[in-house]
Novice: 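Below you'll find the structure I mean.
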Amino acid sequence: MPAKPGSAEGRWPSLALRLLFGALAVDAAQAAILALAALLFTCADSLADLRPSRPRGDPPMRIVRVMSSDPACQPNCAEWISAEGRIMPGTGAAFAKAIANLRGRRLPVLVSSGGGSLTDAAAMGQLIRQKRLAVAVARTLIERCPARAGACPDPKGQAITGGAKCASACPFILAGGVERFVGPAAMVGVHQITAVTKEPAGAAARTRVKKVYQPARADQAAENYLVAMGVGHPVMELMRKTPAARIRWLSLAEIRSSRLATLALDAPAPILTSGANGLNGHAFEGDSLRDAAITAHGDAPAASAGGGSGDLETTISYRRGGGAVDLALVERDAPEKPQRPAVGWTLAIGPDTLSVKTDDAGHATIPVARFCAQARDGKIVAKAVSEDSATGFGSAGVDVAAMNGANALIDEACP
């Protein structure tokens, strides 16, 4: 229904505009988003509803911060944002509140929606890109919380790809991800934008509703938005050709070639439960093989309490959009000696000395915020739990900024 003048829905355009562009510098990508927003939010009363046709049957989008219910992940279980249901006027503001409540933490977004308000979808996509989050088309099964429940106390659940969809306005959310994931049987669909206007119709303050399909200005603004997000042919072409009452479901080849998705989501295990946590993806078949993680490597001299010396080799991994980095430590007595995992090392990070301990494989996980606080200007200092030179080294200093590949990793993890 068109928004009533002065209603909360009618006031949403100006709120969304502030949400989208509050204090941002307008670069080329943001200029395209601004153009779309300006068109969507102009003349809130007369151009009341500029969005793909609203799907029926889906409950309003529920945005929940979820922790994995897998008992094997305790006590450090993966978390993500679940966004499922119809995109309503005001959903963008609710999503912004959920992201603000993370207080700088970076969690992946799992979305499943048949569409709704294009205004709010664009606001969500822009905020996702600004915060450098990853997005996947996936559902979340939340324990003891039905899909139509308004809130979920202490939400724990599991992520699945089956039954997930992203249609109509939803691809504008997916496009915002710095990495965009779909499963092997992805349901991602598009159709024409519908502009709904109200016009005076005779006496007694009557109005007439007029619909315009794929209006030219909206068409160009939507194309600019998708291009700015890195999405190309054939998404816009198929959107233009598909009547608003229908959905054109994209093939996996079309999703891949348009870069509406950048990685294939692992259907059996969409969420990584350890290491550089985030979404579990890999290159599409036919794409150049690439690890979903960005890595940096470095060596540091290590000394034992008994006067011995050797090397500590460090590999840092970060998955785009993830909330943690993974450190893998390997120690070696001499270049010709075999390597062994650096088990039981305590890593002291930052001036307030956040301590994490390597596991039996020589790995440790560090929250992105804590990593970034030290990565550019300081050192991550690793100290051995045991100072017995017969079993290991005493200490080593790891200068992250000097590691091979560190600049690219830090730029991505710490924008």
Side-chain angles (χ1 to χ4, degrees), residues 8 54-103 105-117 120-121 123-125 127-128 131 133-170 173-174 176-177 181-183 185-188 265-274 277-281 321-324:
R54 186 164 65 189
R56 302 186 184 279
D58 291 342
M61 179 169 279
R62 183 178 67 187
I63 300 166
V64 184
R65 177 176 167 180
V66 182
M67 178 178 289
S68 173
S69 60
D70 183 356
C73 69
Q74 299 295 337
N76 298 311
C77 292
E79 294 182 276
W80 62 91
I81 299 294
S82 168
E84 295 188 38
R86 187 169 69 249
I87 306 164
M88 304 290 292
T91 298
F95 181 75
K97 181 178 179 181
I99 297 301
N101 288 340
L102 296 178
R103 299 184 182 278
R105 288 195 63 197
R106 198 175 298 170
L107 299 182
V109 178
L110 273 57
V111 64
S112 180
S113 174
S117 167
D120 290 74
M124 293 170 69
L127 186 60
I128 286 168
K131 299 297 185 182
L133 307 180
V135 181
V137 178
R139 295 173 56 219
T140 302
L141 302 181
I142 302 177
E143 294 179 346
R144 298 181 296 278
C145 191
R148 291 182 179 271
C152 302
D154 190 26
K156 293 182 173 62
Q158 59 177 311
I160 62 171
T161 59
K165 61 185 176 183
C166 186
S168 189
C170 179
I173 300 174
L174 177 61
F181 299 73
V182 297
M187 294 186 65
V188 179
L265 189 65
D266 186 82
I271 298 286
L272 290 169
T273 57
S274 62
N277 65 346
L279 296 166
N280 188 13

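Just so it is clear, the structure is predicted and the values come from calculations on it, not from any experiment.
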Novice: Looking only at heavy atoms, what is the nearest atom pair of Gly116 and Ala169, with distance?
Specialist: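 Shortest heavy-atom contact: O-CB, 3.6 Å.
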Novice: Closest approach of Ala94 and Ile63, non-hydrogen atoms and distance?
Specialist: C-CD1, 4.0 Å
Novice: With distance as the sole test, does Asn280 use its side chain to make a donor-acceptor pair with the main-chain N or O of Leu272 at under 3.5 Å?
Specialist: no
Novice: Going by side-chain contact (heavy atoms from CB on, under 4.5 Å), Glu84 matches just one of Arg139, Met61, Lys165. Which one?
Specialist: Arg139
Novice: Say you draw a straight line from CG of Leu133 to CZ of Arg105; how long is it, rounded to the nearest 0.5 Å?
Specialist: 12.0 Å
Novice: Side chains of Arg62 and Cys152: does their closest heavy-atom pair fall under 4.5 Å?
Specialist: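 Yes. Closest side-chain heavy atoms under 4.5 Å.
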Novice: What I'd like to find out is whether the side chain of Ile173 reaches to under 4.5 Å of the side chain of Phe95, using heavy atoms alone.
Specialist: no
Novice: Using the test salt bridge (Lys or Arg N to Asp or Glu O under 4.0 Å), find all partners of Arg144 that sit at least two apart in sequence or belong to another chain.
Specialist: none
Novice: Quick one: pull up CZ in Arg65 and CH2 in Trp80 and give me the separation to the nearest 0.5 Å.
Specialist: 12.5 Å
Novice: If we check side-chain contact (heavy atoms from CB on, under 4.5 Å) with Val66, which of these qualifies: Leu141, Ile271, Thr140?
Specialist: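 Between Val66 and the candidates, side-chain contact (heavy atoms from CB on, under 4.5 Å) is satisfied uniquely by Thr140.
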Novice: Measuring from Leu279:CG to Asp266:CG, what's the distance to the nearest 0.5 Å?
Specialist: 11.0 Å
Novice: To the nearest 0.5 Å, what is the distance between NZ (Lys156) and CE (Met67)?
Specialist: 6.0 Å
Novice: Ala164 and Ser112: which non-hydrogen atoms are nearest, and at how many Å?
Specialist: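 Looking at all heavy atoms of both residues, the closest pair is CA-OG, 3.5 Å.
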Novice: Which heavy atom of Gly177 sits nearest to which heavy atom of Val135, and what is that distance?
Specialist: CA-CG2, 3.8 Å
Novice: With rounding to the nearest 0.5 Å, note down the distance linking OG in Ser117 to CE in Met124.
Specialist: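 Atom-to-atom, Ser117:OG and Met124:CE are 10.0 Å apart.
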Novice: For residues Gly281 and Phe181, report the shortest heavy-atom separation together with the two atoms involved.
Specialist: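 Scanning both residues, the minimum pair turns out to be CA-CE2, 3.6 Å.
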Novice: Atom OG1 of Thr161 and atom CG of Leu265: how far apart are they, to the nearest 0.5 Å?
Specialist: 6.5 Å
Novice: Restricting to non-hydrogen atoms, name the atom on Gly115 and the atom on Ser168 that form the minimum distance, rounded to 0.1 Å.
Specialist: CA-CB, 3.7 Å
Novice: Please check: side-chain N/O of Arg86 versus main-chain N/O of Asp58, any donor-acceptor pairing under 3.5 Å?
Specialist: yes
